Amino acid sequence: MSNDSVKQEQINKAVWNACDTFRGTVDPSIYKDYVLTMLFVKYLSDVYQDHYDNYVTEYGDTPELIEELMKNERFVLPRDSGFYALYDQRHEPGNGERIDKALHAIEEANIVKLADVFQDISFNSNKLGDEKQKNDILRHLLEDFARPELNLRPSRIGKLDVIGNAYEYLIKNFAATSGKKAGEFYTPPEVSELMAEIVEPKEGDEICDPACGSASLLLKCANQVRKSHDGSKNFALFGQEAIGSTWALAKMNMFLHGIDNHKLEWGDTIRNPKLLDENGGLKHFDIVVANPPFSLEKWGFEGADSDPYSRFRRGVPPKSKGDYAFILHMIETLKPKTGRMAVVVPHGVLFRGSAEGKIRQKLIEEKLLDAVIGLPEKLFYGTGIPAAVLVFRKDKTDNNVLFIDASREFQAGKNQNQLSDENIAKVVDTYKQRENLDKYAYLASLEEIRENDFNLNIPRYVDTFEEEEEIDLMAVQAERKDIEAEIAKLNEQMDGYLKELGYGA
Amino acid sequence: MNHQPKRRCLLQSIAAIQPGYPFRGKLELDSQGDAFVVQYRHLVVGEALYDPQGKTLDRVTLPGRKHPEYLCSGDILFMAKGTRNDAAVVRELPRNTVCTPNFYHIRLTLSACNVLPEFLAWQLNHVNAQRYFAMCSQGSAAPSITKSQLGNLPIVVPPIEQQALMVKLADAATREQQLFNQLIENRQRMVDAAGHQLLRPDTTTGK
């Protein structure tokens with residue numbers, strides 16, 4: 001066990017160090033794609049080589065036979081397209097072009113799995129500098145990945161998760177260093193974990209994230225099923241991501257976690273939902289989770305009132321705030337009886353009026369909203385604002401809404417706060433108990449929410465202020481007299497000392 | 001009284017200067033430990049270290065076999081690393097107390113019986129000494145004072161009665177500051193109490 005964690009740390013460190021080659025020359029938001037792609041290629045190559053060597057010991061050195069056998073591999077690696085072929089030629093000019101060709105060949109050979117995954121990345125790009133600099137950088141990159149710590153053969157590494165974790169580690173670190181853009185591709189792991197535990201995915205569930213980023217939230221949900229059902233792989237992951245390079249990250253992330261059976265689509269979820277059923281309607285899922293962009297400005301207002309999937313029949317969200325567009329999309333993709341959903345939202349979603357107020361009222365009156373959970377500030381990358389998680393359920397029996405104010409319990413950090421395991425456990429337990437908890441949780445009835453004009457602002461329901469303690473005015477005044485008397489005495493003493501020191505008036 | 005001579009000397013001529021206990025790496029606290037340790041956060045400028053039971057101190061297990069140099073009453077701790085270079089005198093601490101290596105542990109030599117430890121600590125915190133430290137302090141990320149720099153600090157030694165008066169005056173001024181802060185806080189509570197009574201729905205006046 002500890003051996004595994006050592007290995008994990010070594011690998012994490014080695015891949016992070018591989019980024020040094022780029023530092024100072026290229027921006028992290030650009031080089032992250034190169035490093036992550038290279039990690040993926042290295043992994044494919046090492047697995048391939050490992051299996052190849054096994055066949056050699058089994059059948060002897062018969063390249064034709066083995067090549068035929070290798071066609072049934074999880075990933076097929078065309079000759080000369082693997083990492084080691086690229087590494088061997090690293091001192092010759094044209095590294096960028098060679099890598100691009102290799103990626104293309106890998107994609108072609110595995111077209112079902114990897115179609116379009118490498119289309120947004122070009123190692124032969126001027127982003128890496130002029131021809132000479134580019135060649136140099138890429139040579140260094142190949143050399144960094146050839147180091148023994150980054151030998152990713154299954155026979156050395158053991159569990160595949162180590163590589164998936166290294167990949168996530170990189171994504172997390174990129175998120176921490178790339179400022180505002182980070183929110184685009186990464187949700188902090190504790191928030192993902194919290195959401196996954198709240199929606200409790202079961203064996204056989206279909207799970208979807210319509211704004212999946214690098215897919216870490218989906219993987220957390222998958223992990224819930226594995227953990228509670230003895231490593232079961234009986235679940236299906238679906239996702240959609242608008243940004244091409246992020247979508248590619250998500251695909252690679254899935255493969256590196258051993259989840260080949262997934263469906264991740266590339267496209268804008270609101271304007272062009274891609275996850276459809278056989279009749280061309282929206283596909284329905286047991287679990288829908290997402291951390292959609294906060295208050296997206298150009299979310300697709302123009303076509304919304306004539307949406308072919310009538311997702312906005314409860315009302316069209318305001319032109320410049322896309323929060324409810326995502327919420328409504330997610331609601332429409334829930335399975336009628338079993339659907340559970342958790343979504344991260346900025347606080348405005350809880351109380352803004354006009355169109356959003358009307359949509360909110362309908363969602364509450366339809367008995368869909370199950371819980372509102374307020375999170376601490378500075379949890380997310382790229383923004384310090386506190387966010388909330390809304391939980392919706394199709395299997396709700398009462399019309400109450402549970403409010404949890406989890407905003408005051410966290411591990412404080414310099415730039416970033418974190419939720420500890422205990423913090424997460426308390427939220428999840430409170431959610432399951434569904435009872436009032438002093439200064440922390442309140443179960444509000446529909447009537448109470450109506451009295452509040454369907455405003456869900458958490459302090460209206462959860463009172464976290466300490467009761468003012470009774471102050472004895474007389475005692476306070478007496479104390480003041482004592483203090484003043486002591487000061488007068490001190491004054492006299494100090495005058496005396498000063499006089500003795502020769503400064504007397 | 002003012003006519004008695006003031007002696008001038010260097011700190012190293014009247015005191016022994018040793019680094020604190022050589023803990024390696026991060027300080028591992030241990031609630032069952034056999035020794036107490038003074039850290040930066042225990043030191044308040046202008047106040048002596050006084051905690052005979054060690055209730056506010058941290059406990060550690062000292063790894064070394066050698067008998068360490070424990071702190072005694074009358075020793076002075078000086079913060080050598082970081083942006084603060086403050087000193088405090090040890091009034092009373094448990095017998096088995098050490099300090100971290102961020103401190104220098106200063107002990108007056110036997111021949112320096114004409115110097116009050118409290119006065120020396122006060123002088124180390126005085127603006128003249130602080131100016132000297134600011135000039136010596138090296139390193140931008142973690143400035144620090146070397147042992148020889150500290151040893152070369154010029155010290156003024158007035159007659160012992162004047163030292164005692166100066167210490168009393170400084171202590172009284174510190175106490176006065178605390179009292180003024182208490183007055184501010186007291187007034188705030190008074191305002192809170194009056195406001196609370198005024199806003200309470202079931203009474204008509206503040207009475």
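Fair warning: this is a prediction, and the values are worked out from it, not measured in the lab. Every heavy atom of this structure was used, including side-chain atoms; hydrogens, water molecules and symmetry mates were not. First the proteins, then the strands, lettered A, B, ... as listed; each starts at 1.
- The environment of NZ in B:Lys147 is crowded: more than 12 heavy-atom neighbours from other residues, nucleotides or ligands sit within 6.0 Å.
- Atom-to-atom distance recorded for A:Met494:CE and B:Glu176:CD is 3.5 Å, nearest 0.5 angstrom.
- Around CZ of B:Arg8, the count of heavy atoms belonging to other residues, nucleotides or ligands within 6.0 Å does not exceed 12.
- Residues from residues 449-461 of chain A never place a non-hydrogen atom less than 4.5 Å from a non-hydrogen atom of chain B.
- Interface residue A:Ile487: backbone and side-chain heavy atoms are both found under 4.5 Å from chain B.
- Atom OH of A:Tyr503 sits about 10.5 Å away from atom CG of B:Leu169, to the nearest 0.5 Å.
- Within a 6.0 Å radius of NZ in A:Lys439, more than 12 heavy atoms belonging to other residues, nucleotides or ligands are found.
- Residues of residues 178-189 of chain B placed with any heavy atom under 4.5 Å of a heavy atom in chain A are listed by number as B:Leu179, B:Phe180, B:Gln182, B:Leu183, B:Asn186, B:Arg187, B:Arg189.
- Counting heavy atoms from C-beta on, the side chains of A:Glu500 and B:Glu161 never come closer than 4.5 Å.
- Applying the 6.0 Å contact sphere to NZ of B:Lys168 captures no more than 12 heavy atoms from other residues, nucleotides or ligands.
- The neighbour count for B:Gln177 CD, taken as heavy atoms of other residues, nucleotides or ligands under 6.0 Å away, does not exceed 12.
- In this structure, chain A has no heavy atom under 4.5 Å from any part of B:Ala164.
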